[in-house]
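Predicted model only: the values in this text are computed from it and were never measured. Lettering follows sequence order; numbering is per chain, from 1.
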There are 2 protein chains.
Amino acid sequence: MATGRTHRPATRSRGIPEATVARLPLYLRALTALSERSVPTVSSEELAAAAGVNSAKLRKDFSYLGSYGTRGVGYDVEYLVYQISRELGLTQDWPVVIVGIGNLGAALANYGGFASRGFRVAALIDADPSMAGKPVAGIPVQHTDELEKIISGNGVSIGVIATPAGAAQQVCDRLVAAGVTSILNFAPTVLSVPDGVDVRKVDLSIELQILAFHEQRKAGEEAEGEPAAVPPAARPGASAAADGRKGPDGDVPAVMPA
Amino acid sequence: MATGRTHRPATRSRGIPEATVARLPLYLRALTALSERSVPTVSSEELAAAAGVNSAKLRKDFSYLGSYGTRGVGYDVEYLVYQISRELGLTQDWPVVIVGIGNLGAALANYGGFASRGFRVAALIDADPSMAGKPVAGIPVQHTDELEKIISGNGVSIGVIATPAGAAQQVCDRLVAAGVTSILNFAPTVLSVPDGVDVRKVDLSIELQILAFHEQRKAGEEAEGEPAAVPPAARPGASAAADGRKGPDGDVPAVMPA
DNA sequence: ATGTCTTTGTGAACACGTGCACAAAGATGG
DNA sequence: CCATCTTTGTGCACGTGTTCACAAAGACAT
């Protein structure tokens with residue numbers, strides 16, 4: 001989910017709808033698996049099942065790329081793998097830097113799926129001087145001071161932010177100033193970036209909260225009619241005693257006017 | 001992005017649109033920050049800026065929850081924090097298990113944002129017997145054999161899968177069979193689950209691929225007109241020599257008929 | 001060749017999400 | 001109590017995404 005102010009004003013990027021772009025990697029993964037099993041062709045129905053979408057959607061998605069199928073037969077696996085890879089820009093090398101080598105940053109550095117598809121971890125950067133030189137996933141961590149040098153020296157255009165929330169915006173600004181134009185943000189903050197820079201966000205806590213919402217809904221459906229186990233809640237007085245009191249996280253305000 | 005066959009057939013869950021639900025955690029985070037600074041009220045304009053959305057959208061989102069604002073003034077921060085928390089089900093405790101304590105699983109276990117909002121890591125589970133008993137983030141890892149016992153014993157309804165792709169579906173099946181109805185999947189696979197189970201997916205590699213697509217597009221715009229640095233690509237013969245050859249990842253098929 | 005059968009590619013209808021723009025609600029000052 | 005000013009809540013129009021359903025393309029057998 002792109003969050004930064006910038007992510008194409010919903011305009012289809014060169015004719016391919018954003019929703020389709022987001023599914024291409026899914027298709028690619030399914031196709032790669034087929035390719036490894038030396039399956040020569042696949043129908044939209046089969047491939048859709050493997051990718052977890054419905055077949056009409058898949059066909060429409062592919063239609064944006066061109067007419068790559070053969071009626072009565074299906075799609076040529078190898079050919080499609082190549083076309084999608086090319087469309088996604090995976091036929092070229094993408095050097096990536098990871099900033100913030102804590103628990104998460106280190107896990108990302110070790111993540112295999114990174115290297116597999118044209119993404120090469122060019123450098124690991126951390127603000128802690130005592131980390132400098134220490135190898136993580138076989139790559140020595142460098143200090144934040146080197147950030148600009150690393151970016152321009154390696155022609156890095158994609159940066160991954162895995163710092164604490166407080167440092168994220170500052171790191172982001174430096175990355176962008178140094179020439180990075182795509183950012184994958186793991187810090188729980190909204191980043192603001194200039195036009196032309198893409199930001200995508202991965203936020204564990206948000207995902208869990210969305211699940212909790214649905215989970216609660218499911219539970220509520222079973223016990224329908226019950227007015228919820230939760231207290232009726234307080235409506236703060238219009239401008240009255242808007243009493244800034246708050247219990248220690250999770251507690252509820254205790255006013256109850258209007 | 002929910003992927004499992006199941007994620008409400010696009011039906012608004014009890015009147016609140018899915019897109020709105022996905023933004024509530026964002027608002028909540030911004031509101032919590034304001035609350036900590038003891039700001040009593042906030043306008044839709046200010047809050048929208050803090051959450052990185054536009055104000056009309058925010059007002060419409062809130063309108064699904066009810067009329068919680070005061071015209072001419074704005075929203076009461078404390079009250080709104082409570083209402084959104086309640087709506088998301090964060091006023092109750094959600095025990096969570098993490099399955100697969102590798103690099104990523106361990107990072108997740110250590111992630112602070114977990115505990116902060118009602119999510120409690122009830123157990124860590126791994127298939128490796130040599131991990132059993134070893135504490136990660138202060139919690140002893142338990143063996144997969146205990147999975148069912150742990151789920152039912154703790155009333156766990158949310159599971160996090162951080163195993164290798166190959167094990168994910170199997171783990172998923174066991175979680176579901178044991179009573180889990182919401183799954184956050186970090187493994188790069190499409191999980192299939194029965195109706196009534198929600199799956200959300202977090203996939204690093206997919207995020208990067210989407211960024212690469214846009215990155216490539218940007219680069220292409222600068223050098224407009226250029227027929228792309230990539231070879232024109234091969235169209236496989238209809239049923240002819242569909243020659244299963246493939247270069248070592250990144251190489252391109254070499255046929256060129258039709 | 002011709003007919004049958006499979007599967008693609010897409011027009012058209014529909015559902016969903018977004019953003020504008022403004023009326024109505026309420027605060028605030030005189 | 002009235003006028004003014006601010007800010008919410010929402011009707012409406014528009015764009016995007018999804019799904020259906022079917023004509024046309026091609027494979028394959030006879």
Side-chain angles (χ1 to χ4, degrees), chain A residues 1-3 5 7-13 15-24 27 40-49 51-76 79-80 83 235-240 242 257-258, chain B residues 1-3 5 7-13 15-24 27 40-49 51-76 79-80 83 235-240 242 257-258:
Chain A
M1 246 113 264
T3 302
R5 215 115 330 288
H7 199 241
R8 305 301 137 200
T11 226
R12 1 197 96 171
S13 310
I16 302 184
E18 192 57 33
T20 295
V21 172
R23 279 187 295 266
L24 290 181
Y27 301 145
T41 62
V42 65
S43 72
S44 63
E45 204 69 52
E46 295 166 322
L47 184 53
V53 302
N54 87 33
S55 66
K57 197 186 294 190
L58 177 142
R59 286 199 300 277
K60 182 145 288 200
D61 283 343
F62 284 178
S63 79
Y64 292 115
L65 309 185
S67 274
Y68 292 159
T70 304
R71 293 171 194 232
V73 176
Y75 299 91
D76 182 278
Y79 183 58
L80 206 44
Q83 287 301 335
R235 193 76 220 286
S239 79
Chain B
M1 243 113 267
T3 300
R5 216 119 327 291
H7 199 241
R8 301 306 133 200
T11 227
R12 357 199 99 170
S13 310
I16 301 184
E18 193 56 34
T20 295
V21 172
R23 280 187 295 267
L24 290 180
Y27 302 144
T41 61
V42 66
S43 72
S44 62
E45 203 70 51
E46 295 166 323
L47 184 53
V53 302
N54 88 33
S55 66
K57 198 186 296 189
L58 177 143
R59 287 199 300 277
K60 184 148 289 201
D61 283 343
F62 285 178
S63 80
Y64 293 113
L65 309 186
S67 275
Y68 292 159
T70 306
R71 294 171 194 233
V73 175
Y75 299 91
D76 182 279
Y79 184 60
L80 205 44
Q83 286 301 336
R235 193 77 223 285
S239 79

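For the pair B:Ala56 and A:Asp61, nearest-nucleotide mapping onto DNA chain D gives the more 5' position to B:Ala56.
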Once base and sugar-phosphate atoms are separated, protein heavy atoms under 4.0 Å mark nucleotides 2-8 of chain D, 5' to 3', with B, S and - as ----BBB

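Partners of B:Phe62 according to the ring pair (Phe, Tyr, Trp, His ring centres under 6.0 Å) rule, which considers only residues two or more places apart in sequence or in another chain, are B:Tyr27, B:Tyr75. Looking at residues two or more places apart in sequence or on another chain, you find a salt bridge (charged side-chain N to carboxylate O under 4.0 Å, His left out) between A:Arg23 and A:Asp61. In this view, A:Ser55 and A:Ser44, A:Glu45, A:Ala48, A:Arg59 satisfy the side chain to side chain contact (heavy atoms under 4.5 Å, CB included) rule, not counting sequence neighbours.
Distance A:Arg23 CZ to D:dT16 C1': 11 Å, rounded to the nearest Å. Rounded to whole angstrom, the span from the CD atom of A:Glu18 across to the P atom of C:dT18 amounts to 13 Å. In this structure, CZ of B:Phe62 is placed 16 Å from C1' of C:dT18, rounded to the nearest angstrom. The distance between atom CG of A:Leu58 and atom P of D:dG17, rounded to the nearest whole Å, is 16 Å.
Judged by distance alone, with hydrogens and angles left aside, B:Lys60 brings no side-chain donor or acceptor close enough to the base of D:dG9 to form a pair under 3.5 Å.
In this structure, A:Asn54 does not reach the D:dT18 phosphate: none of its side-chain N or O atoms is under 4.0 Å from OP1 or OP2.
With D:dG17, D:dC20, C:dT18 as the choices, the nucleotide that has an atom nearest any side-chain atom of B:Lys57 turns out to be C:dT18.
Interatomic distance, A:Leu47 CG to A:Thr41 OG1, rounded to the nearest 0.5 Å: 11.0 Å. Residue A:Lys60 holds its NZ atom at 11.5 Å from CG of A:Asn54, rounded to the nearest 0.5 Å.
Under the 4.5 Å side-chain criterion, counting only non-hydrogen atoms from C-beta, A:Leu65 is in contact with A:Ile16.
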